Amino acid sequence: MDRVAPLPRQIGSVICSSFYSQKALDQGVEAPLMCRLYFGKKEVRSSPRPSLFINPINFPLDVARYDLLCNECPNELDLKEEVAEGMSEMLARMHWIAGYDARDVEFVMAGSPYTAEVRLYVIDFNQPQMRAFDKNNGNVSELVNAFFSNDPYYPRPVLTDSLYTNFKQMYMRSCPEEYRTRGALFLQAIEARYAKQSATVYSIKPL
């Protein structure tokens, strides 16, 4: 288990200049110490909006913000596809090796305690919300419920989304061979539930 260090100063400075509101800058709000990686939450505007409410301990980075940050610091950060694959590898290991549903774990970006580099961390393993999962006989719906109860760290399970494709492929590669059939059932189930939820939202018309 590693100690999480603050983000390197260069990364923090770019986040401040790119995503903090002018009011926050004028008030001297600190650069973020750590960022939550919300890859399941996509900014629909052409450019990410400045944040009006700043939490320097847990600043949210959606895909659009992460893309912009990568453009500004191309040699400091992993590609978003690599981050999504890292999330899915860890999720598969928690499901099919450790035997937990991964409920309420968090994926964050912070600094390395040993070097001036960015590292990705999974935190909150010890939360009481996480539940043991029977890898052989447990109902896969338990994993599906946990997936959607978490904050939107993982790419949303949309078959046409290339980021989800990376996530899905790495999840299957990370499943032990004897659990790949059940791992595939989990992926099919989250895709079906998300498609149903999306269809329900789009079917509602304003009066």
Side-chain angles (χ1 to χ4, degrees), residues 1-43 45 47-94 98 100-130 146-156 163-164 166-167 170:
M1 184 177 294
D2 287 336
R3 178 174 61 87
V4 177
L7 283 166
R9 182 176 299 178
Q10 178 190 0
I11 300 295
S13 297
V14 174
I15 291 174
C16 287
S17 62
S18 300
F19 308 131
Y20 278 25
S21 66
Q22 189 59 51
K23 181 178 180 180
L25 293 173
D26 293 341
Q27 293 175 343
V29 176
E30 295 180 358
L33 304 177
M34 181 172 67
C35 293
R36 294 176 184 245
L37 297 171
Y38 283 163
F39 277 23
K41 181 179 181 181
K42 292 191 175 181
E43 176 64 59
R45 292 166 176 80
S47 60
R49 291 179 297 172
S51 289
L52 300 178
F53 304 100
I54 306 295
N55 180 356
I57 298 176
N58 274 314
F59 187 80
L61 283 181
D62 58 25
V63 173
R65 284 177 170 175
Y66 191 85
D67 273 339
L68 191 152
L69 196 57
C70 284
N71 289 336
E72 294 292 328
C73 308
N75 299 320
E76 307 294 328
L77 300 175
D78 292 330
L79 297 174
K80 64 184 177 183
E81 292 82 5
E82 295 171 328
V83 176
E85 289 172 356
M87 289 180 181
S88 64
E89 179 180 3
M90 182 57 67
L91 184 63
R93 288 177 175 271
M94 285 188 280
Y100 286 94
D101 67 1
R103 186 181 300 268
D104 283 352
V105 298
E106 300 180 17
F107 292 84
V108 301
M109 182 178 78
S112 167
Y114 312 110
T115 64
E117 296 176 337
V118 174
R119 289 190 62 183
L120 305 180
Y121 297 87
V122 183
I123 62 176
D124 283 357
F125 275 109
N126 62 340
Q127 295 303 303
Q129 292 88 343
M130 189 185 295
F147 179 91
F148 286 106
S149 72
N150 276 21
D151 284 349
Y153 296 103
Y154 314 114
R156 295 298 86 180
L163 197 59
Y164 175 68
N166 289 99
F167 179 92
M170 179 57 76

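The shown structure was predicted, so the numbers you read here are calculated from the model rather than taken from an experiment. Here, residue 1 is the first one in the sequence, and each next residue gets the next number.
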Review point. Is there a side-chain contact between Ile54 and Gln27, using heavy atoms and a 4.5 Å cut-off?
Key: no
Practice item. Of all the heavy-atom pairs spanning Leu7 and Ala110, show the shortest one and how long it is. Key: CD2-CA, 3.6 Å
Check your understanding: Just wondering, more than 12 heavy atoms not from Tyr100 lying within 6.0 Å of its OH?
Key -> no
Review point. Hey, are the side chains of Cys73 and Gln10 touching, using non-hydrogen atoms and a 4.5 Å cut-off?
Key: yes
Exercise for review: Locate the shortest heavy-atom distance separating Ala102 from Met130; write the atom from each residue and the value.
Suggested key: N-CG, 3.9 Å
Check your understanding: Considering the options Met109, Met34, Arg65, which one meets the side chain to side chain contact (heavy atoms under 4.5 Å, CB included) requirement together with Phe59?
Key -> Arg65
**Study point:** Closest heavy-atom pair and its distance - Pro155, Phe167
**Key:** CD-CD1, 3.7 Å
Study note, to complete from the structure: Separation between CG (Asp151) and NZ (Lys41), nearest 0.5 Å, reads 9.5 Å
Practice item. Could you check Val4 against Val108 for side-chain contact (heavy atoms from CB on, under 4.5 Å), going step by step and ending with a plain yes or no? Key: CA-CA 10 Å; Val4 177; Val108 301; 5.5 Å; no
**Study point:** Between CG on residue Leu120 and SG on residue Cys35, distance to nearest 0.5 Å
**Key:** 11.0 Å
Exercise for review: Determine whether Tyr20 and Pro32 make a side-chain contact, defined as any pair of heavy atoms from C-beta on separated by less than 4.5 Å.
Suggested key: yes
Review point. With a 4.5 Å limit on heavy-atom distance, are the side chains of Asn150 and Asp104 in contact?
Key: yes
Practice item. State whether the number of non-hydrogen atoms from other residues, nucleotides or ligands found under 6.0 Å of Arg119 atom CZ is greater than 12. Key: yes
Review point. Do you know which of Tyr66, Tyr154, Tyr38 makes ring pair (Phe, Tyr, Trp, His ring centres under 6.0 Å) with Phe107?
Key: Tyr154
Practice item. For side-chain contact (heavy atoms from CB on, under 4.5 Å), just list the numbers for Leu163 and Glu81, CA-CA rounded to whole Å, side-chain angles, deciding distance to a tenth of an Å, and then say yes or no. Key: CA-CA 6 Å; Leu163 197 59; Glu81 292 82 5; 4.2 Å; yes
Check your understanding: Do side-chain atoms of Ser17 reach the backbone of Val14 as a donor and acceptor pair under 3.5 angstrom?
Key -> yes
Review point. Taking all atoms of both residues into account, what is the closest heavy-atom pair of Pro152 and Arg156, and its distance?
Key: CA-NH2, 4.0 Å
Check your understanding: Is there a donor-acceptor pair under 3.5 Å between the side chain of Asn166 and the backbone N or O of Lys80?
Key -> no
Practice item. Evaluate whether atom CD of Glu82 has more than 12 neighbouring non-hydrogen atoms of other residues, nucleotides or ligands under 6.0 angstrom away. Key: yes
Check your understanding: Can Arg36 and Tyr153 be counted as having a side-chain donor-acceptor contact under 3.5 angstrom?
Key -> yes
Practice item. For Ala5 and Ser112, work out which heavy atoms get closest and say how close. Key: CB-O, 3.5 Å
Review point. For the atom pair CD (Glu89) and CE (Met94), what is the distance rounded to the nearest 0.5 Å?
Key: 10.5 Å
Review point. After noting the C-alpha distance and the side-chain angles of Val83 and Leu77, does the key distance pass the side-chain contact (heavy atoms from CB on, under 4.5 Å) rule?
Key: CA-CA 9 Å; Val83 176; Leu77 300 175; over 6 Å; no
Review point. Are more than 12 heavy atoms from other residues, nucleotides or ligands located less than 6.0 Å from atom CD1 of Ile57?
Key: no
Check your understanding: Leu25 and Cys16: side-chain contact (heavy atoms from CB on, under 4.5 Å), yes or no, with the steps?
Key -> CA-CA 7 Å; Leu25 293 173; Cys16 287; 4.2 Å; yes
